[in-house]
Amino acid sequence: MRVLGLESSCDETGVAIYDSERGLLADALYSQIALHAEFGGVVPELASRDHVRKLLPLVRQVLDSANLRGSDIDAVAYTAGPGLAGALMVGACAGRAMAYAWGVPALAVHHMEGHLLAPMLEDTAPEFPFIALLVSGGHTQLVRVDGIGNYRLLGESLDDAAGEAFDKAAKMLGLPYPGGPQLAKAAAQGDVSRFTFPRPMVNRPGLDFSFSGLKTYTLNTVAECRADGQLSDGDRNDIAAAFQEAVVDTLTIKCLRALKQEGLRRLVIAGGVSANTALRERLEGRLATIGAAVYYPRPAYCTDNGAMIAYAGCCRLLAGQSETLAVQVKPRWPMNELPGLER
């Protein structure tokens, strides 16, 4: 089965074609970073309009790259949520319309399920069951995964997601948009021992997260450094290093706790923050000491992309799932509402 996957949940337009027998045939991604940079964050209306402008050219591009025509596509999968309502509608309407025109089934895909299954696109893919750390700008969740659609939420952020905290801390430090990657670059040049930031909720039982207090601590540290004048590059780098260390340490502690609680030895990390090198290195090192393994997608598939949507959609389409002609998007969509697949 050849599945065309469309991703348009936020500020990246992703299109890909996945073949159930041959794997990923082609994919393309357009980022709106330059469009939103002057505003310091995503402007939903501008995001929606840019998806309208770029989606169909990207569809034509991946079809040409795979040497296929629309009539060669067997199904269309599109992101239906969670995400920005207007941006989701662009992909959903286009996906449903193309499926109708080609006479093939269409499927609404959960954005976070796409991230969760992205490591399955790699040569070394995890086997079920495993613990998944879904960590992005909008979500920080620990999930037990026993199969596609068989998910149990173990813990989540009670306020800011980790990626959101990275972006806000970067803004406090005067770093350009998008903040997360810029903060990680600054942290690599900083002295991690100069400041000691708190590790939120690690001394409490359970697997929930909280990053709002860490954000406030960062703001206060910046203010203290500014009291003697302008924030120097050294101050900025050292604060970034301390902030990143606190987030990475907190995530690692909770992942180890989840693995122990569930008696598992496989961890998947997915979502934009999973591209963070410090987080990957820390998890790899700590899990190796307990005989556990960590899996993650290649950096290109950590952020939003069409490949993960095409793959997730293919899995469900092969199981016989599809949508009616009605177009529905779900800006808020708990993953536990998804139906499981028969094993």
Side-chain angles (χ1 to χ4, degrees), residues 2-20 22-36 42 47-48 50-51 53-66 73 75-84 87-88 90-92 94-95 98 107-123 125 132-139 148 161 163 178 180-181 268-276 280 295-317 329 333 335:
R2 296 192 191 101
V3 179
L4 176 69
L6 310 177
E7 158 60 30
S8 66
S9 64
C10 190
D11 60 344
E12 288 169 313
T13 313
V15 179
I17 300 172
Y18 182 84
D19 189 305
S20 57
R22 298 168 55 198
L24 189 65
L25 301 183
D27 70 298
L29 183 71
Y30 174 77
S31 174
Q32 299 177 1
I33 286 177
L35 175 66
H36 301 290
V42 177
S48 302
D50 220 36
H51 287 308
R53 185 171 66 91
K54 298 300 294 187
L55 185 61
L56 291 182
L58 286 177
V59 170
R60 287 192 286 269
Q61 178 181 328
V62 297
L63 285 171
D64 289 343
S65 297
I73 297 299
V76 179
Y78 56 87
T79 303
L84 302 175
L88 291 168
V90 175
M98 283 187 281
L107 183 75
V109 174
H110 192 288
H111 178 75
M112 295 311 295
E113 182 172 69
H115 276 304
L116 187 152
L117 297 178
M120 301 298 185
L121 292 166
E122 304 303 323
D123 293 335
L133 171 66
L134 300 177
V135 57
S136 66
H139 297 81
I148 297 176
V268 162
I269 57 170
V273 182
S274 70
N276 183 279
R280 291 189 177 204
Y295 302 84
Y296 36 73
R298 71 196 74 173
Y301 298 152
C302 289
T303 55
D304 297 349
N305 62 88
M308 68 182 190
I309 302 304
Y311 176 80
C314 186
C315 292
R316 291 188 171 275
L317 286 157
V329 296
W333 189 5
M335 206 160 57

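Only heavy atoms go into these numbers, but all of them, side chains included; no hydrogens, no water, no symmetry mates.
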To check you understand the geometry: which heavy-atom pair defines the closest contact between [X] and [Y], and what is its length?
X      : Y      : result
Ala118 : Met308 : CB-CB, 4.1 Å
Ala92  : Val329 : CB-CG1, 3.7 Å
Arg280 : Pro299 : NH2-N, 4.2 Å
Leu121 : Ala307 : CD1-CB, 3.9 Å
Val42  : Cys10  : CG2-SG, 4.1 Å
Pro297 : Ile269 : CD-O, 3.4 Å

So how far is it from [X] [atom1] to [Y] [atom2], rounded to the nearest 0.5 Å?
X      : Y      : atom1 : atom2 : value
His115 : Asp304 : NE2   : CG    : 4.5 Å
Met98  : Tyr78  : CE    : OH    : 11.0 Å
Glu7   : Leu29  : CD    : CG    : 8.5 Å
Leu117 : Arg316 : CG    : CZ    : 8.5 Å
Met120 : Tyr301 : CE    : OH    : 16.0 Å
Leu25  : Leu63  : CG    : CG    : 10.5 Å

Donor-acceptor contact below 3.5 Å, side chain [X] vs main chain [Y]:
X      : Y      : value
Gln32  : Ala47  : yes
Glu113 : Met335 : no
Ser8   : Ala87  : yes
Asn305 : Thr303 : yes

Next on the checklist: Below 30° counts as parallel, above 60° as perpendicular, anything between as tilted: where do the rings of His110 and Trp333 land?
Outcome noted: tilted
Item to check | By side chain to side chain contact (heavy atoms under 4.5 Å, CB included) - contacts of Ala28 (at least two apart) | outcome: Leu58, Gln61, Val62
Item to check | Working for side chain to side chain contact (heavy atoms under 4.5 Å, CB included), residues Asp50 and Thr13 | outcome: CA-CA 9 Å; Asp50 220 36; Thr13 313; 5.9 Å; no
Checklist outcome for this item: Residue set satisfying ring-ring contact (aromatic ring centres under 6.0 Å, His included) with His51, at least two apart, ordered chain then number -> none
Next on the checklist: Walk me through whether Thr79 and Leu88 qualify under side chain to side chain contact (heavy atoms under 4.5 Å, CB included).
Outcome noted: CA-CA 7 Å; Thr79 303; Leu88 291 168; 3.8 Å; yes
Item to check | Test item: Ile33 and Pro178 side chains (from C-beta on) under 4.5 Å apart, heavy atoms | outcome: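 They are in side-chain contact.
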Next on the checklist: Between Leu55 and Val15, does the side chain to side chain contact (heavy atoms under 4.5 Å, CB included) criterion hold? Intermediate values first, please.
Outcome noted: CA-CA 8 Å; Leu55 185 61; Val15 179; 3.8 Å; yes
Checklist entry - Listed by chain and number, what are the side chain to side chain donor-acceptor pair (under 3.5 Å) partners of Tyr296, not counting sequence neighbours? => result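 Checked Tyr296 against side chain to side chain donor-acceptor pair (under 3.5 Å); matches are Glu284.
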Next on the checklist: Would Leu6 and Val59 count as a side chain to side chain contact (heavy atoms under 4.5 Å, CB included) here? Give the steps.
Outcome noted: CA-CA 9 Å; Leu6 310 177; Val59 170; 4.0 Å; yes
